[in-house]
Amino acid sequence: MRYSRAFIPTVKEAPKDATSPSHVLLLRGGFIRMVGAGIYEMLPMGLRVMNKIGAIVREEMDRAGAHELLMPAMLPREYFEESGRWDSFGSTLLRLSDRKGGDYHLGPTHEEIITDLVRREVKSYRQMPLNLYQVQMKYRDEPRPRAGLLRCREFLMKDAYSFDVDEAAATQSYEQMRDAYHRIFTRLGLEYRVVSADSGAMGGSTSAEFQVLASTGEDAIVACSSCDYAANVEVAETKEPEGAASSAEAPARERVSTPGAKTIDEVVAFLGDGLTSARMLKSLLYVAGEEVVMAVVRGDRELNEIKLARALGVPEVFLASDADVRKATGAEPGFAGPVGFGGRVIVDPEAAQVADGVTGANETDAHLVHVAYGRDFEGEVRAIRAVGEGDPCPRCASPLRAYRGIEGGHIFILGTHYSAKMGATFLDEDGQSHPVVMGCYGIGVSRLVATAVEQNHDDNGIRWPMAIAPYHVMLTPIGKDDEPREVAERLHDELAALGVEVLLDDRNERPGVKFKDADLIGIPLRVTVGKRGLTNGELELKARDADDNEMIPLEGAAEAIAARVREALA
RNA sequence: CGGGGCGUAGCGCAGUCUGGUAGCGCGCAUGGUUCGGGACCAUGAGGUCGGAGGUUCGAAUCCUCUCGCCCCGACCA
């Protein structure tokens with residue numbers, strides 16, 4: 001491709017509305033343009049990247065035995081009505097009506113539609129296992145689209161659905177998809193972790209997220225430094241200390257006056273005398289359904305609200321208002337504590353280990369010192385704190401490492417959630433009817449374009465992994481002489497004949513402009529053709545992620561460059 | 001939906017407080033000089049100041065309403 005004939009509208013200054021690295025660089029590099037909030041155009045370069053990702057996804061899905069189909073994006077109301085999601089999806093569902101006043105929506109996901117297809121067409125155990133997928137635009141009216149392609153209202157998604165006769169077979173399908181996803185993310189050239197995650201409202205029994213590591217990621221995850229345990233912090237566990245505090249030698253409980261000292265830091269500073277936040281018993285009041293409960297974690301730890309909700313068996317918990325705190329403890333906020341507290345108390349195992357703790361006295365301007373679980377207060381011991389860097393792995397006790405990630409894929413076993421509700425049943429060998437057992441598997445294809453950039457960029461621009469780069473090689477003839485241009489033209493044709501995708505910068509621009517654009521758009525290999533090298537019969541080869549040039553002989557250059565490309569793709 | 005910010009030329013911004021002929025840089029066009037990390041000179045094109053209403057002799061500027069975009073939070077099979 002001749003750069004002069006391509007459509008690559010790069011810009012020097014970042015549009016002010018873009019803040020995340022991928023958003024800035026994809027805009028500046030001429031890959032995307034915004035049409036509305038969370039709605040983007042894929043320009044030729046962006047589309048090349050997205051299509052490459054899509055091709056890898058399709059290859060691996062096909063290899064795993066899945067079959068591609070295409071469902072409509074515009075859907076009549078009745079399907080989501082049937083599953084209850086016409087209401088439960090709320091305003092995230094983009095609704096529209098036709099000329100006759102009929103209700104429609106744009107598909108945010110397709111469990112209902114595929115389940116309808118399968119209930120009409122699949123009647124026998126002989127027709128399973130079955131795995132159907134599509135790559136299609138999805139529509140979700142996100143409350144807050146953001147960060148360019150990372151969270152859009154219209155986005156390209158690969159969604160696959162498996163259908164099996166029972167849980168065991170469904171698990172097998174799930175494992176096959178997990179393997180396929182491993183191959184996909186590996187081939188994309190992205191560093192990632194598979195983490196266990198909250199199954200959310202899907203009610204699935206088993207699920208895993210494929211998290212692409214990026215310091216700018218929205219999700220916090222932990223991964224073991226030695227075994228393969230990894231989890232979203234929403235659900236991450238850690239090896240908990242056993243037993244209760246050995247409080248035998250601790251002095252008897254005592255009330256101390258702590259005027260104005262409400263926060264952990266203030267109390268530690270006020271009491272002094274070697275007190276650390278790890279000896280504080282942080283007591284937080286939460287509203288869970290009808291009741292107000294107290295959650296106690298060590299003062300140097302954070303509470304994980306999802307885990308607390310799960311421990312309490314409620315969908316979610318809300319931090320109590322100041323008024324609720326006063327009512328429940330009889331004291332101003334900042335002085336709550338488990339000793340003598342009337343309601344339900346959940347104690348984190350680490351907090352239960354504190355032998356000589358300090359906590360609020362449920363009395364304004366007062367705390368209690370020399371407090372221990374088991375001796376001074378009771379409660380249900382449940383792991384409710386946030387797990388983080390350095391905590392021991394729940395499986396092997398090695399230290400966990402904290403990462404940030406972007407969710408690139410998510411796989412679920414759905415069970416019979418949709419099939420039972422929608423009557424997707426089959427007959428087994430004995431003529432008995434059963435609901436099919438489903439799984440669903442998503443990959444955010446357009447999101448991965450941005451995710452790859454978040455993980456692979458520097459101050460000068462993008463550094464595409466070879467497998468998804470818009471072109472493999474950038475040819476940069478420089479100087480005003482004819483020779484570099486002629487050599488570059490010839491090299492372009494030779495490389496193309498070898499199956500290498502080449503972008504030839506034939507623009508009449510100064511070298512600096514060409515180099516800056518080359519770095520910005522991030523083609524993995526750049527070949528500079530200039531008088532400097534040609535006088536020695538050489539070309540300059542520079543990898544986008546390397547610091548220095550290397551000189552290669554002009555003789556046989558095409559083969560050498562093609563070999564480098566093949567090597568990077570292997 | 002709560003909080004904050006921003007809409008002025010294709011992009012980035014100044015001008016708004018204190019009303020008085022709409023400016024700068026980049027980009028674009030033409031000519032010339034340049035040519036190994038975003039060159040220089042000259043000339044030029046390009047704007048209903050997001051929109052509507054109001055106040056005023058006069059509104060980018062003041063008032064009211066409205067639309068859009070960004071960030072934080074809530075939310076996010």
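Here is the naming used below: chain letters follow the sequence lines, and residue numbers restart at 1 for every chain.
Summarising the geometry, the separation between NZ on A:Lys516 and C1' on B:rC26 is reported as 15 Å, rounded to the nearest angstrom. When rounded to the nearest whole Å, the span between NZ of A:Lys12 and P of B:rG10 equals 18 Å. To the nearest angstrom, C1' of B:rG37 lies 10 Å from CD1 of A:Ile478. A straight line from CD of A:Glu538 to C1' of B:rG36 spans 16 Å, rounded to a whole angstrom. Note: CD (A:Glu509) to C1' (B:rG38) measures 9 Å, nearest angstrom. Distance A:Tyr139 OH to B:rA77 C1': 19 Å, rounded to the nearest Å. The CD-P distance, from A:Gln136 to B:rA77, rounds to 19 Å in whole Å. With rounding to whole Å, A:Asp481 atom CG is found 14 Å from B:rU34 atom C1'.
Note: A:Phe210 and A:His182 have perpendicular aromatic rings, judged against thresholds of 30 and 60 degrees for the angle between ring planes.
With both pairing distances under 3.5 Å, B:rC65 is matched to B:rG51 as a Watson-Crick or G-U wobble pair. When both pairing distances are held under 3.5 Å, B:rG2 makes a Watson-Crick or G-U pair with B:rC72. Across every strand in view, B:rC11 sits in a pair with B:rG25 that passes the Watson-Crick or G-U test at under 3.5 angstrom. In this structure, B:rG46 makes no Watson-Crick or G-U wobble pair, since no nucleotide meets both defining distances under 3.5 angstrom. In this structure B:rC40 sits in a base pair with B:rG32, meeting the Watson-Crick or G-U test at under 3.5 Å. Nucleotide B:rU18 has no partner under the Watson-Crick or G-U criteria, as no pair reaches both atom distances under 3.5 Å.
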Next on the checklist: Working note: A:His110 + A:Phe80, criterion ring pair (Phe, Tyr, Trp, His ring centres under 6.0 Å); need CA distance, chi angles, decisive distance, verdict.
Outcome noted: CA-CA 9 Å; A:His110 283 242; A:Phe80 268 51; 8.1 Å; no

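Under the 6.0 Å distance and 45° angle rule, A:Arg193 counts as a cation-pi partner of A:Tyr403.
Taking atom C1' in both B:rC6 and B:rG44, one finds a spacing of 32 Å when rounded to whole Å. Across the P atoms, B:rU56 and B:rG50 are found 23 Å apart, a figure rounded to whole Å. Here the separation of B:rG53 from B:rC1, taken at their P atoms, is 26 Å to the nearest Å. Comparing the C1' positions of B:rG15 and B:rC62 gives an interatomic distance of 16 Å, to the nearest angstrom. Separation of the C1' atoms belonging to B:rC17 and B:rA59 is 15 Å when rounded to the nearest angstrom. Comparing B:rC49 with B:rG37, their C1' atoms sit 38 Å apart, to the nearest whole Å. B:rG3 and B:rC40 have their C1' atoms separated by 49 Å, with the value rounded to a whole Å. Distance check on atom P: B:rA14 versus B:rU33 gives 39 Å, rounded to whole Å.
Heavy-atom nearest nucleotides on RNA chain B were determined for A:Gly479 and for A:Lys514, and the one closer to the 5' end corresponds to A:Gly479. Taking the nucleotide of RNA chain B with the nearest heavy atom to each of A:Met34 and A:Gly442, the more 5' of the two is matched to A:Met34.
Counting any heavy atom pair closer than 4.0 Å across all strands shown, A:Arg28 reaches a base atom. Within the nucleic acid shown, A:Glu540 comes within 4.0 Å of at least one base atom, counting heavy atoms only. As judged by a 4.0 angstrom heavy-atom cut-off over every strand, A:Thr109 is placed among the base-contacting residues. Using a 4.0 Å heavy-atom criterion, one finds that A:Ala18 contacts no nucleic acid atom at all. Using a 4.0 Å heavy-atom distance criterion, A:Lys480 is classed as a base contact. In this structure, A:Ala147 reaches the sugar-phosphate backbone alone: every heavy-atom distance under 4.0 Å involves primed, P, OP1 or OP2 atoms, never a base.
Looking at A:Glu13, its side chain has no donor and acceptor atom pair within 3.5 Å of the base of B:rG10. The base of B:rG38 lies outside donor-acceptor range of the side chain of A:Arg507, with no N or O pair under 3.5 Å. The base of B:rG37 sits within donor-acceptor range of the side chain of A:Arg526, with an N or O pair under 3.5 Å.
The A:Pro143 side chain lies nearest to B:rC75 when the options are B:rC75, B:rC71, B:rC69. The A:Phe515 side chain lies nearest to B:rG36 when the options are B:rA77, B:rC35, B:rG36. Comparing atom distances between the A:Leu520 side chain and each of B:rA74, B:rG38, B:rG37 picks out B:rG38 as nearest. Which of B:rG38, B:rG12, B:rA74 sits closest to the side chain of A:Arg146 comes down to B:rA74.
No salt bridge links A:Arg2 with A:Asp505; every basic N to acidic carboxylate O contact stays at or beyond 4.0 Å.
At a threshold of 4.5 Å between non-hydrogen side-chain atoms, the residues A:Thr10 and A:Arg28 do not count as touching.
In the displayed structure, A:Glu302 atom CD is contacted under 6.0 Å by at most 12 heavy atoms of other residues, nucleotides or ligands.
Closest of all the heavy-atom pairs between A:Ile384 and A:Lys307 is CA-CB, 4.1 Å. Annotation for A:Gln136 and A:Met71: closest pair NE2-O, 2.6 Å, computed over non-hydrogen atoms.
Within the structure, every side-chain polar atom (N or O) of A:Arg532 is placed at least 4.0 Å from both OP1 and OP2 of B:rG36. Side-chain nitrogen and oxygen atoms of A:Thr19 include none within less than 4.0 Å of the OP1 or OP2 phosphate oxygen of B:rC70.
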